[in-house]
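Reviewing the structure listed below.
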Amino acid sequence: MTNNNSHHPIPITDFYGESTAWPLEDMVHCEQLSLRSALYDWQIKPHRHRDLMQMFFVLEGQGSAQVDNRSLLISAGDLLVIPEQCVHTFRWESGSNGYVLAVARPLLKQLEKVLDDPSWTHGTATTYSTGTDQNYLNDLLSSLNEECSGKEIYRHLLMENRVLSLGIWITRKHALMSEAEGQPESRSEQRLKRFTDLLESHFDQEHSVDWYANNVGVTAAHLNEICKKLRQQTALSLIHQRVLTEAQRNLIFTGKSAADISHLLGFSDPAYFSRFFKRLCGVTPKQFRQSKMQD
């Protein structure tokens, strides 16, 4: 695993290779996968996006990706969904092609409301095999790509409706996968979603279950019941896991010291952070970094 040996934070961008903010009036952007990948010799360095979700639909070739602490292989016919804030890096086979779709958070929020807060819009990345629906998704994304480069009236409405169609397809596919895995569904999912949204925004500031429960509008005991039922973990475990994930991201993708990372994540005592990390991960921050550099 490559470490950039710098003390700079993991780059947060809207579009890879561009330092400016989202330059579009549209809440959707679609481009061919080869457009940006070929420009960077088919290797995309570690980065993440704030306030937008990305989807990668592969039509030709294949690629390997690391998303946070997971290694993935993406083949032709796969759709990879990467929620905001996930650190990701790619190595594409030369000549690979398909589409890359970016959905800005305001539109994503609308999508979540219409689709009853689907779990695939947050958390970890998910790969879906499109199978016999490959031509359907190709038509959707090809249309989005054309509209993005066009100037026709009401194009933004058409693009947003195409994104909704894609969101419905993913939600159906995700439900089938969840059903096959025996994952339970519950009305408490909305409160869990509220909790995970808050956690995503405040994990580096707030580590208290009481704080999150109060802002979700339930008691700490009720929040724990929801988390145990839907995630098989306590609320505190989910908080700690989110903090650990961010610590691991920084140890893998930056050269920051453990002390700097502990401060970044809201720990006042670096020694306590090291004990926290070892308790959850089984190794010290230094040992974790060394093991990933050897991968």
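In this structure, the side chain to side chain contact (heavy atoms under 4.5 Å, CB included) partners of Arg194, at least two apart in sequence or on a different chain, are Leu198, Val216. Taking Leu280 as the reference, His240, Leu244, Phe276 meet the side chain to side chain contact (heavy atoms under 4.5 Å, CB included) condition, with sequence neighbours excluded.
Residues Thr89 and Gln66 bring no donor and acceptor atom of their side chains to less than 3.5 Å of each other. In this structure, a donor-acceptor pair under 3.5 Å is absent between the side chains of Ser96 and Trp42. The closest side-chain donor-acceptor pair between Ser257 and Asp260 falls under 3.5 angstrom. No hydrogens or angles considered: a donor-acceptor pair under 3.5 Å links the side chains of Arg162 and Ser143. Checking Ser237 against Thr234 by side-chain atom types alone, a donor-acceptor pair falls below 3.5 Å.
Phe57 is not listed as a side-chain neighbour of Leu80, based on a closest heavy-atom distance of 4.5 Å or more. With contacts defined as side-chain heavy-atom distances shorter than 4.5 Å, the pair Gln32/Asn145 qualifies. Looking at heavy atoms from C-beta onward, Val100 lies in side-chain contact with Gln54 at the 4.5 angstrom threshold. For the pair Phe253/His47, no side-chain contact is recorded, criterion being any heavy-atom separation below 4.5 Å from C-beta on.
Within the structure, side chain to side chain donor-acceptor pair (under 3.5 Å) contacts touching residues 199-213 (residues at least two apart or in different chains) are Glu200-Arg242. Residue pairs that meet the side chain to side chain donor-acceptor pair (under 3.5 Å) test with at least one member in residues 270-284, sequence neighbours left out, are Thr284-Gln287. Applying the side chain to side chain donor-acceptor pair (under 3.5 Å) definition to pairs two or more places apart or across chains, those involving residues 73-84 are Glu84-Arg105.
With hydrogens and angles ignored, the 3.5 Å screen pairs a side-chain donor or acceptor of Arg155 with a backbone N or O of Cys148. Put simply, the side chain of Arg249 never gets that close to the backbone of Asp68: no donor and acceptor are under 3.5 Å apart. A distance-only check finds a donor-acceptor pair linking the side chain of Ser262 to the backbone of Ala259 [under 3.5 Å].
Classification of the Phe273-Phe277 ring pair by plane angle, with boundaries at 30° and 60°, yields tilted.
Applying the 4.5 Å side-chain rule to ILVMFWY residues, one finds Tyr154, Leu157 in the same cluster as Ile153.
Taking 4.0 Å as the cut-off between side-chain N and carboxylate O, Lys109 and Asp197 count as a salt-bridged pair.
Separation of the Tyr99 and Phe56 ring centroids does not fall under the 6.0 Å cut-off.
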